[in-house]
Asks: 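My questions will all concern the structure given below.
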Amino acid sequence: MVGAISPYKNQLGLVRALAGAGLPVVLIGSAQRADQGYLQSLLHTPGVRWLGQVEHDDPLLASAYAAASVLALPSQGEVMPLTVLEALASGTPVVMTDQSALELPGAGFALRQIGWNDGAGQRRAVCALADAPPERAAVRALVAEYSWPRVAAAIARCYVELLALPEGVDCAV
């Protein structure tokens, strides 16, 4: 799991859901001072490892995504979770909250959206994806359109439409 260590992100719910499954839980993210007790309760659980905060441009983060069997994001809510897109871009399947704006049609083979408080459902989904992982190339293809050049081009098109620039003015990216 990559994200802030906090009750809202529900790492403890995930750890409890996976208890006895034989899967290690690796946490990446910072814990605010107010959440240090929560972090300590996580670290006292067998099989839980915390790597701390890893900067976005650190190769360790990309390596962690690629090495994971499954990324789990069982938080109480997400808008557009970049960590999910990053994991999928590395070919890693995801189990995440169903409280999110993220919709990827046809992604059910690699993206399972489960209630944040449904520990049994999280366990089933994580174990199923870990036991029978989808083809990594197919997982990566789910988010191919979310590359930075494509996003920049889409934003540029929006500006062109909004500004209604005269023909002949080239502002392509």
Side-chain angles (χ1 to χ4, degrees), residues 1-32 35-54 56 60-146:
M1 176 169 181
V2 177
I5 308 297
S6 75
Y8 186 80
K9 293 292 188 175
N10 195 32
Q11 290 95 344
L12 193 54
L14 175 68
V15 167
R16 289 177 177 153
L18 294 177
L23 295 171
V25 176
V26 179
L27 306 173
I28 297 175
S30 62
Q32 298 294 322
D35 294 319
Q36 290 299 311
Y38 183 76
L39 172 61
Q40 291 308 312
S41 64
L42 287 163
L43 294 176
H44 285 108
T45 306
V48 174
R49 301 291 176 263
W50 178 52
L51 300 182
Q53 177 68 31
V54 177
H56 192 298
L60 177 62
L61 184 58
S63 177
Y65 281 128
S69 298
V70 177
L71 175 88
L73 187 64
S75 58
Q76 294 179 37
E78 295 288 334
V79 179
M80 186 59 136
L82 291 179
T83 188
V84 169
L85 299 177
E86 291 168 343
L88 293 170
S90 75
T92 299
V94 174
V95 174
M96 66 173 289
T97 181
D98 62 357
Q99 298 299 306
S100 170
L102 181 64
E103 292 183 24
L104 293 174
F109 70 95
L111 175 65
R112 311 283 169 85
Q113 294 177 296
I114 310 292
W116 71 271
N117 57 353
D118 181 359
Q122 291 170 18
R123 181 185 179 102
R124 281 191 303 275
V126 168
C127 290
L129 289 169
D131 290 344
E135 163 69 38
R136 293 183 83 78
V139 175
R140 285 191 293 272
L142 290 171
V143 294
E145 70 185 66
Y146 291 100

Asks: Could I get the full list of side-chain contact (heavy atoms from CB on, under 4.5 Å) partners for R124, not counting sequence neighbours?
Replies: A120

Asks: Going from CD on Q76 to OG1 on T97, what distance comes out if it is rounded to the nearest 0.5 angstrom?
Replies: 8.5 Å

Asks: Tell me, yes or no, whether the heavy-atom count around Q53 atom CD, taken from other residues, nucleotides or ligands under 6.0 Å, exceeds 12.
Replies: yes

Asks: Report yes or no: does N10 contribute a side-chain atom to a donor-acceptor pair with the main-chain N or O of P74 at less than 3.5 Å?
Replies: yes

Asks: May I ask you to decide if L73's main-chain N or O and Q122's side chain share a donor-acceptor pair within less than 3.5 Å?
Replies: no

Asks: Where is the tightest heavy-atom contact between G121 and D118, given as atom of each residue plus distance?
Replies: N-OD1, 2.8 Å

Asks: Decide side chain to side chain contact (heavy atoms under 4.5 Å, CB included) for V84 and V143; before the verdict, give the C-alpha distance in whole Å, the side-chain angles of both, and the deciding distance to 0.1 Å.
Replies: CA-CA 10 Å; V84 169; V143 294; over 6 Å; no

Asks: Would you mind reporting whether L129 and S69 have side-chain heavy atoms less than 4.5 Å apart?
Replies: no

Asks: For salt bridge (Lys or Arg N to Asp or Glu O under 4.0 Å), just list the numbers for R140 and E135, CA-CA rounded to whole Å, side-chain angles, deciding distance to a tenth of an Å, and then say yes or no.
Replies: CA-CA 9 Å; R140 285 191 293 272; E135 163 69 38; 5.5 Å; no

Asks: So, for G115 and D98, which heavy atoms are closest and what is the spacing to 0.1 Å?
Replies: CA-OD1, 3.5 Å

Asks: Would you mind reporting whether D35 and Y8 have side-chain heavy atoms less than 4.5 Å apart?
Replies: no

Asks: I need the M1 CE to L51 CG distance, nearest 0.5 Å.
Replies: 13.5 Å

Asks: Short question: side chain of R112, backbone of V95 - any donor-acceptor pair under 3.5 Å?
Replies: no

Asks: How long is the gap from OG1 on T45 to CG on L18, to the nearest 0.5 Å?
Replies: 11.5 Å

Asks: Nearest 0.5 Å, please: how far is CG in L23 from CZ in R123?
Replies: 8.0 Å

Asks: Identify the two heavy atoms, one from P133 and one from A130, that lie closest to each other, and give their separation to 0.1 Å.
Replies: CD-O, 3.7 Å

Asks: Can you find a heavy atom in the side chain of I28 that is under 4.5 Å from one in the side chain of L60?
Replies: no

Asks: Side chains of V25 and R49: closer than 4.5 Å at any heavy-atom pair?
Replies: no

Asks: Between the side chain of Q11 and the main-chain N/O of A4, is any donor-acceptor distance below 3.5 Å?
Replies: yes

Asks: Under 3.5 Å, side chain of Y38 to main-chain N/O of L12, donor-acceptor pair present?
Replies: yes

Asks: Where the side chain of Y65 meets the backbone of V2, is there a donor-acceptor pair that is under 3.5 Å apart?
Replies: no

Asks: So does R136 have more than 12 non-hydrogen atoms from other groups sitting under 6.0 Å from CZ?
Replies: yes

Asks: Using 0.5 Å steps for rounding, measure from the CH2 atom of W50 to the CD atom of Q40.
Replies: 8.0 Å

Asks: Where is the tightest heavy-atom contact between P134 and A110, given as atom of each residue plus distance?
Replies: CG-CB, 4.0 Å

Asks: Can you tell me how far CD1 of I5 sits from CG of L43, rounded to the nearest 0.5 angstrom?
Replies: 8.5 Å

